Each structure stands twice: as structure tokens, then as C-alpha cells.
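Each remark here refers to the structure printed beneath this line.
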Amino acid sequence: MPMKQVPQPISIFEKGSPGRMGANLPETDAPEVDLQAALGDLRDDLHLPELGELEVLRHFTNLSHINYGIETGFYPLGSCTMKYNPKINEATAGLPGFRAIHPMQPVETAPGAFEVLAQVQEILCEVAGFDEITLQPLAGAHGELTCLMLIKAYHDSRGEGAQRKYVLIPDSAHGTNPASAAACGYEVKSVPTDAHGNTDLEALRGMVNNEVAALMITNPSTLGLFEPNIKEICDLLHSVGAQVFCDGANMNAMVGTTRPGDHGFDCMHFNLHKTFSTPHGGGGPGCGAIGLMKHLEPFLPIPVIRRASNGKVQLETARPLSIGRVSAFYGQFLMEVRALTYLLAYGRQKMRNISRFAVLNANYVKARLRDVLPAAHDRHCMHECVLTATRYKKGGVRALDISKRLIDYGFHPPTNYFPLIVPEAIMIEPTETETKETLDAFCDAMIAICKEAEESPELLHGAPSTQIVGRLDEAAAVKNLDVRWIHPSRREKAPVSG
Ligand SMILES: *Cc1c(COP(=O)(O)O)cnc(C)c1O
């Protein structure tokens with residue numbers, strides 16, 4: 001059954017009463033000043049809220065309860081890896097020695113911080129099978145860009161920079177991939193996906209030549225499918241001197257089980273804020289660490305953080321071929337602390353449970369929903385499954401209607417209409433941290449909604465109906481951004497936003 005109605009909150013400016021106070025101030029011992037006389041033309045309609053302490057407390061506590069987050073419910077947003085972030089990560093990130101550190105303090109006063117960075121690098125090297133790691137990039141997309149800058153510097157160093165103009169990207173890719181390639185000055189060519197959901201090898205063979213700088217490929221793909229020809233694809237690109245970048249946002253499917261470095265990739269970005277459980281959403285902060293092979297090492301961003309043979313961690317800055325810095329200091333330091341906590345808490349032995357349970361959960365959801373929402377490609381999926389809602393379209397129900405109705409059942413919607421090549425796509429990533437009970441409750445809701453889609457589609461068109469706002473015009477919200485609140489008495493006078 002859908003949840004019960006949430007009361008409509010009003011803004012704090014509409015609450016309270018003139019003269020009411022939340023603070024208990026002592027008697028004033030300073031002379032009174034007539035502000036109007038002292039300062040001149042003061043406005044008399046400031047409309048600051050006047051409330052008691054309890055009213056303020058209740059107002060903000062109730063607002064916080066309207067929020068939906070991973071700590072209040074299941075968050076199946078595909079491609080985002082919304083796993084639980086263990087609280088111990090926050091405990092270590094809050095240790096005074098980490099929290100109170102300043103990026104400008106002399107390097108020799110922060111050996112513990114550099115030890116953290118070195119350890120994260122060493123563990124990520126081992127987990128993903130690369131020779132080097134840098135933690136500087138501040139988001140996944142920033143990691144993509146950094147990898148392309150390394151690739152460009154590599155081609156330049158071989159005198160092939162001008163000749164290599166193209167970056168090949170499968171048509172299932174995340175939008176950041178072509179954006180990063182364009183930002184790095186490359187022209188993008190789109191590689192088709194074949195009928196099984198793999199990269200179309202024949203088409204790729206026709207596109208690969210010595211004008212190609214790199215292939216950017218996501219594995220497992222955004223279809224949630226492991227690319228079975230990945231070694232062959234890497235060999236093909238290398239045979240013409242091109243490089244292969246792995247979009248590693250889907251590393252959650254591989255942690256502890258298989259290593260992209262062993263598949264033939266030259267470099268990869270990690271999303272520490274997805275795979276290694278540092279909180280994300282709402283725009284950050286992120287950490288897009290990258291891994292790379294030896295031949296790209298001369299171009300690493302400075303400073304390079306490296307453990308010397310005596311075990312001490314050192315910073316290298318005299319590196320003539322470096323692409324320079326890609327962020328002001330050393331990356332999102334407290335995210336590295338959280339990631340290290342997470343990595344050490346799992347340890348080498350248990351780490352493979354991350355990918356095993358993530359893959360198991362996604363296949364479970366896919367199997368339970370098979371009769372109402374078939375998979376776009378009916379084969380074993382990795383950590384997420386991409387389903388299609390095309391069968392409801394003739395009755396006027398779109399994938400978005402199903403997702404919005406899910407809100408009425410108390411769940412965050414999955415990802416819609418991505419990847420772009422799947423019609424009416426619903427992309428679900430349960431992650432390893434959810435129980436079978438939660439997945440069953442979610443699948444029961446999805447099955448009930450699909451029944452509604454056939455019997456009473458109007459319920460879906462009007463969804464959500466249990467929230468403080470109904471169906472929002474998301475395009476208009478982005479295009480006509482206006483986040484001001486204006487007091488009712490001043491709305492007439494307010495200038496129209498442009
Ligand atoms: C999230 C994601 C990215 C981009 O990561 P950001 O940290 O959001 O910049 C790139 N590719 C894929 C497949 C992703 O899921």
C-alpha cells in the first residue's frame with residue numbers, strides 16, 4: 001500500500017508571530033540607539049521570522065524528515081552505486097589529526113596524512129591491477145579528463161600528437177565520456193552496440209586506425225553487462241598504437257574478483273565515492289582517482305606521492321614530462337581517509353564479497369521482475385540490471401510514470417532513460433548492502449505498479465500523490481531556475497525573474 005499523506009510544510013517565514021523570540025538575551029547595559037535616526041532610510045518590511053526555540057527546532061526537524069536518503073530507505077539508482085557508507089568511515093575522517101589538517105602546512109608536519117594517501121594508492125593498485133595511482137582528480141569526470149590528458153601527453157611524446165584526432169566511445173557510454181574527450185580537444189566517434197549488448201566488434205574494426213588516440217569503454221558496460229571481448233578489444237586498439245581507457249565507475253562489479261589492469265587497459269578512473277563508500281550526491285564531494293600503467297607514469301600529475309625504499313613517503317615534484325597539477329593539493333583528503341577505512345575494514349580476504357553480493361542482488365532483482373519488466377538483454381548481468389518498460393507504452397504508461405509511482409510506495413526511483421540505446425529504460429543497481437527482505441519489498445512494489453499500469457494507468461500519471469509536491473516539470477525546473485522565496489505581502493512588487 002502507498003504511504004500515508006505527508007502534511008504540507010510551510011516556510012519558516014510564514015510561521016511565528018510578531019515579537020516572539022527564540023533567544024533568551026540578558027538585560028542590555030548599552031545605551032539605546034534610534035537606528036532610523038542614526039542610519040537614515042531603513043526599510044520597515046524586512047520580514048524576519050519571529051519564532052520560539054521549540055517552533056524552530058520542530059520546523060527544521062520536520063523538514064529533515066522529508067528528505068530521502070540511503071539512511072532512510074532503499075536507493076536503487078542505477079550507475080550511481082548508492083551503497084551504505086559505514087559509520088566507522090566518518091569516525092576516522094573526524095579524528096582531529098585528519099580533520100584539522102591544513103593543506104598549506106609544511107609537508108614534514110603531516111607524515112600521517114601522506115601515509116594515508118600512499119596506502120590508498122597501494123591498495124588501489126593491487127585491487128585494480130595498475131602500476132600507479134594518483135588521487136588528485138576530484139570526480140569521476142575529472143578522472144576521465146586526467147586520463148585523456150595523460151594519453152595526449154603520451155602520444156605527443158612519441159611525435160604522434162597531431163595525427164591522433166579521434167576518441168572512440170560506445171553508444172551506451174555515460175555522457176561524461178564524450179564531454180571529457182571534447183574538453184581534451186578530441187573528436188568523438190560513436191561505436192555501436194551489437195544485438196547481445198556487447199561492443200560491435202566488426203564495426204570497431206572498421207573504425208580503428210592510426211588516427212585514433214584512444215577508446216573510452218565502460219566495463220561492465222552501462223547495460224550492466226561484462227564485455228566478453230575486452231582483451232581482444234584492447235589488443236585491437238594497441239595494434240594501431242592507440243590507448244584504452246576504462247570508465248571504472250562500475251568497479252563495484254569487479255572488486256576482489258577480477259582486475260581491469262589484467263584485461264589490457266592502459267588507464268582507468270575509479271569513483272571512490274561510488275565503489276569505496278564515501279558519501280555522494282547533490283554534487284559532491286567526489287574522488288576520481290586514476291590508475292595507469294608504467295608507460296603513462298612519466299606524465300603523472302605532480303606532486304607524485306611515492307614510498308621510497310626506506311619505507312618513507314615522499315613527494316616528487318621535479319618531473320619534466322608531468323601534465324602538471326589537476327587540483328590544488330592532493331585530492332579530497334577526507335574522502336581518502338574514508339576510502340582507506342573502508343578498504344581496510346574489508347581486507348584482502350573479504351573484499352570479493354563486495355562484487356559477489358552486488359552481482360547476486362542485481363541478478364535476483366532482474367529474475368524477480370522478469371515477467372513484468374524484461375531485461376533489455378536477457379543474460380547474466382553484473383552489479384546492475386537494465387530493464388525495459390516498452391510493453392506499457394501502448395497503454396500510455398512510460399518508464400518515468402513507473403518510477404514516479406514508486407515514490408508513493410516509499411522507494412527512491414531507479415535511473416530512467418539511461419543508457420540512451422534502451423527504449424523506456426529502467427536501470428536498477430541494488431548494491432551489496434541490501435538484504436533479501438528489502439529487495440523483495442522493492443520487487444513486490446514494482447510488480448504491483450506494473451499491474452496498476454495495466455489496470456489503472458491514471459494512478460501512475462498522477463504519481464507521486466503522497467508527497468509534499470506532485471509531479472514536477474523537471475525540464476522547466478532546470479531551465480527556469482528560481483529558488484527565491486518571497487513573502488506574500490511583497491510578491492506583487494517583486495521583479496519578475498529573468
Ligand atoms: C558516475 C559515472 C561517471 C562520472 O562520475 P562523476 O563522479 O559523477 O563525475 C562516469 N561514468 C559512469 C558510468 C558513471 O556511472
Side-chain angles (χ1 to χ4, degrees), residues 70 75-83 85 124 128 134-149 167-184 188 190-191 193 197 199 214-227 230 244-255 260 265 267-291 326-327 331-332 335-336 338-339 355 358 362 381-386 414-422 425-431:
I70 191 71
Y75 214 123
L77 208 54
S79 208
C80 294
T81 314
M82 301 300 287
K83 63 170 75 176
N85 305 309
L124 291 183
T134 173
L135 301 171
Q136 268 192 40
L138 303 174
H142 195 193
E144 293 171 24
L145 178 65
T146 307
C147 280
L148 287 172
M149 288 165 76
V167 166
L168 309 182
I169 304 178
D171 56 6
S172 56
H174 194 268
T176 49
N177 289 188
S180 299
C184 202
V188 173
S190 180
V191 184
T193 298
T199 302
L215 170 73
M216 299 178 84
I217 184 168
T218 311
N219 197 31
S221 71
T222 62
L223 292 160
L225 304 175
F226 195 86
E227 180 65 62
I230 195 62
V244 195
F245 160 82
C246 178
D247 178 324
N250 292 341
M251 186 68 199
N252 214 46
M254 299 190 278
V255 191
F265 288 105
C267 52
M268 176 184 112
H269 92 264
F270 298 81
N271 283 63
L272 295 197
H273 48 290
K274 294 177 182 172
T275 313
F276 299 115
S277 96
T278 61
H280 69 295
C287 179
I290 63 172
V326 297
S327 66
Q332 303 276 23
M335 299 300 247
E336 321 299 357
R338 290 182 177 95
S355 50
C381 69
M382 294 291 112
H383 64 306
E384 58 195 354
C385 54
V386 179
T415 295
N416 279 139
Y417 305 122
F418 178 72
L420 304 175
I421 53 172
V422 174
I426 295 182
M427 183 193 219
I428 299 167
E429 182 179 6
T431 82

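In this text, all values refer to a predicted model and were calculated from it rather than measured experimentally. What's counted below: heavy atoms across the whole structure, side chains too, no hydrogens, waters or symmetry copies. Order of listing sets the numbers, starting from 1, for every ligand and every atom in it.
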Is a side-chain N or O of [X] found less than 3.5 angstrom from the main chain of [Y], in a donor-acceptor match?
X	Y	result
E429	H383	no
T81	K274	no
H142	V326	yes

Check the pair V191, I217 against side chain to side chain contact (heavy atoms under 4.5 Å, CB included), reporting the backbone distance first and the verdict last.
CA-CA 10 Å; V191 184; I217 184 168; over 6 Å; no
Which atoms of ligand 1 have any heavy atom of T176 under 4.0 Å away?
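Selected atoms, number and element: 3 (C), 4 (C), 10 (C), 11 (N).
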Find all atoms of ligand 1 within a distance of less than 4.0 Å from any non-hydrogen atom belonging to S79, and give their numbers and elements.
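Those atoms are 13 (C), 14 (C), 15 (O).
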Considering only non-hydrogen protein atoms, determine which one is nearest to [atom] and report residue, atom name and distance to 0.1 Å.
atom	result
atom 12 (C) of ligand 1	A249 CB, 3.3 Å
atom 6 (P) of ligand 1	G140 N, 3.5 Å
atom 5 (O) of ligand 1	N271 ND2, 3.0 Å

What part of [X] sits under 4.0 Å from ligand 1 if we count only heavy atoms: the side chain, the backbone, both or neither?
X	value
A141	both
H273	side chain
H142	neither

Any donor-acceptor N or O pair under 3.5 Å, side chains T193, D171
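Note: T193 and D171 side chains meet the donor-acceptor criterion.
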Does the side chain of S79 pick up a donor-acceptor pair with the side chain of E384 at under 3.5 Å?
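No, no side-chain donor-acceptor pair sits under 3.5 Å.
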Where do F245 and H269 come nearest, in terms of heavy atoms and distance?
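Closest approach of F245 to H269, heavy atoms only: CZ-ND1, 3.4 Å.
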Atom 9 (O) of ligand 1: any protein heavy atom closer than 4.0 Å:
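At least one protein heavy atom is under 4.0 Å away.
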Taking side chain as C-beta onward, heavy atoms only, is T275 less than 4.5 Å from V255?
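The answer is yes; the side chains approach within 4.5 Å.
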Checking the N or O distance criterion of under 3.5 Å, is ligand 1 in contact with K274?
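Yes, there is a polar N/O contact under 3.5 Å.
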Backbone or side chain, does any N or O of T222 fall under 3.5 Å from an N or O of ligand 1?
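Looking only at distances, the answer is no, because the N/O contact criterion of under 3.5 Å is not met.
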Heavy-atom nearest neighbour of atom 13 (C) of ligand 1 within options T81, L145, D247
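It is D247 whose heavy atom sits nearest to atom 13 (C) of ligand 1.
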